[in-house]
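Following: one structure in structure tokens, then a few remarks.
Any value given below was found using the heavy atoms of this structure, including those in side chains, with hydrogens, waters and symmetry copies removed.
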Amino acid sequence: MSRSQRNDYEGVTDGMNIKILQFKVAYGNVDVNINKVKTLFEKEDLIGTDIVVLPEMWTTGYDLGNVDRLACRSLEPAKAVISELAVKYNVNIVAGSVANAIDDTGDIYNTAFVIDRNGELVCQYSKIHLVPMLDEPEYLAGGTDKVETFELEGETFGLVICYDLRFPELFRDLTMKGATAIFVVAEWPLARKHHWETLLKARAIENQGYIIASNTYGETADQTFAGRSMIIGPFGDVEGEADDRSETVVTGTTDGSEIDRIRKEVPIFDSRRREMYHFL
């Protein structure tokens, strides 16, 4: 049986030091949001940090009525800003997601991306599950590429966006491709905060890996967002979390030996019977 089938995780000695930046996104104001992110990087001590994480739609918020005017064009200017910050502060950045217009089609996507310490793009993913409750399908196109893992400094990760959290098969797919930590970037509403907290823990427990979840908080237009950014370990323990009403930084560290321990203690990947499942 191959590694992709059994997911025989080899472990990582050092792990990765993570910081999630939870902040209130200014509704429909790209310049204010870009300056906010720059200020947060300036204020925070990032020495020894491996990865900084931003939330979903951080350049615009859910100002979808003006998304044609506000969207990035092929990720710019957001990608240039994030690349500069990555090099300046010597960190990898999971850069949340942005409204992203593609010039050759005219479609606008909700696109997440990752920049490494050298300022290079290493991952780009456009949200495949659009949120009916926030009217995304009326304004945005759904991604057409399958979700894939990416690597940073020898570790394998996954990246999904907000509503994707409700689709466990997506997380299992990334895990079976080798992801030991999956980033969830979101603007998750306060009205469904309980779902946010419960589903994040479930995705960690059922895949025995880290879930690193970034959310925004506060009222914007007709929505109030839940905050509660958090880092959850492979046994479902919350290792760092924010409240639902303040700008803050959540810190934590991934630990390959902990994943090894949990997967030996409760060997779900050895117990799986793929031949009995129709969908995965």
Side-chain angles (χ1 to χ4, degrees), residues 11-26 31-56 58-59 75 77-98 112-124 149-159 179-186 200 204 209-217 227-234 237-243 246-260:
V12 176
T13 301
D14 296 329
M16 296 285 245
N17 296 320
I18 312 290
K19 288 194 174 183
I20 302 171
L21 304 183
Q22 177 173 294
F23 59 96
K24 183 177 180 179
V25 174
D31 290 340
V32 166
N33 289 317
I34 286 176
N35 287 330
K36 179 66 175 180
V37 168
K38 289 180 179 179
T39 299
L40 290 172
F41 272 77
E42 290 171 3
K43 288 169 52 180
E44 187 63 24
D45 180 4
L46 296 174
I47 295 174
T49 301
D50 295 303
I51 303 175
V52 175
V53 191
L54 302 180
E56 180 186 21
W58 63 268
T59 55
L75 293 179
K79 183 162 76 71
V81 170
I82 296 300
S83 295
E84 182 179 348
L85 291 171
V87 172
K88 181 177 180 179
Y89 295 100
N90 189 31
V91 292
N92 305 288
I93 303 175
V94 175
S97 76
V98 297
F113 65 103
V114 179
I115 302 290
D116 69 15
R117 295 181 193 269
N118 299 314
E120 299 298 324
L121 180 71
V122 297
C123 175
Q124 178 176 329
T149 59
F150 65 95
E151 288 197 3
L152 288 174
E153 301 177 22
E155 291 202 41
T156 303
F157 298 100
L159 172 62
T180 56
I182 298 174
F183 295 92
V184 182
V185 300
L200 289 172
Y210 287 88
I211 298 294
I212 301 159
S214 174
N215 197 20
T216 187
Y217 77 97
R228 301 290 291 160
S229 299
M230 62 181 70
I231 297 171
I232 302 172
D237 300 319
V238 177
E239 302 189 356
E241 61 184 323
D243 61 25
S246 66
E247 180 178 299
T248 190
V249 178
V250 179
T251 63
T253 303
T254 62
D255 182 352
S257 64
E258 179 68 1
I259 296 174
D260 288 338

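In this view, E239 satisfies the salt bridge (Lys or Arg N to Asp or Glu O under 4.0 Å) rule with no residue, not counting sequence neighbours. With sequence neighbours left out, V91 forms a side chain to side chain contact (heavy atoms under 4.5 Å, CB included) with F41, L46, T49, V52, Y89, I93. Residues satisfying the salt bridge (Lys or Arg N to Asp or Glu O under 4.0 Å) criterion with E153, sequence neighbours excluded, are R117. Partners of K24 by salt bridge (Lys or Arg N to Asp or Glu O under 4.0 Å), not counting sequence neighbours: none found. F113 is linked by a ring pair (Phe, Tyr, Trp, His ring centres under 6.0 Å) to nothing, counting only residues two or more places apart in sequence or in another chain. Applying the salt bridge (Lys or Arg N to Asp or Glu O under 4.0 Å) test to E151 and every residue at least two apart in sequence or in another chain returns nothing.
Without hydrogens or angle criteria, D50 side chain to N17 main chain gives a donor-acceptor distance under 3.5 Å. Side-chain N or O atoms of N33 include none that pairs as donor or acceptor with a backbone N or O of V25 at under 3.5 Å. Without hydrogens or angle criteria, T248 side chain to Q22 main chain gives no donor-acceptor distance under 3.5 Å. The backbone N or O of D116 lies less than 3.5 Å from no partner atom in the side chain of N92, so there is not a single donor-acceptor pair. Put simply, the side chain of K19 gets close to the backbone of D45: a donor and an acceptor are under 3.5 Å apart.
N215 approaches G227 most closely through the heavy-atom pair ND2-O, 2.9 Å.
Residues K79 and V98 are not in side-chain contact: their nearest non-hydrogen atoms beyond the backbone lie 4.5 Å or more apart. Inter-residue side-chain proximity for S229 and Y217 is flagged as unmet; no heavy-atom pair is nearer than 4.5 Å.
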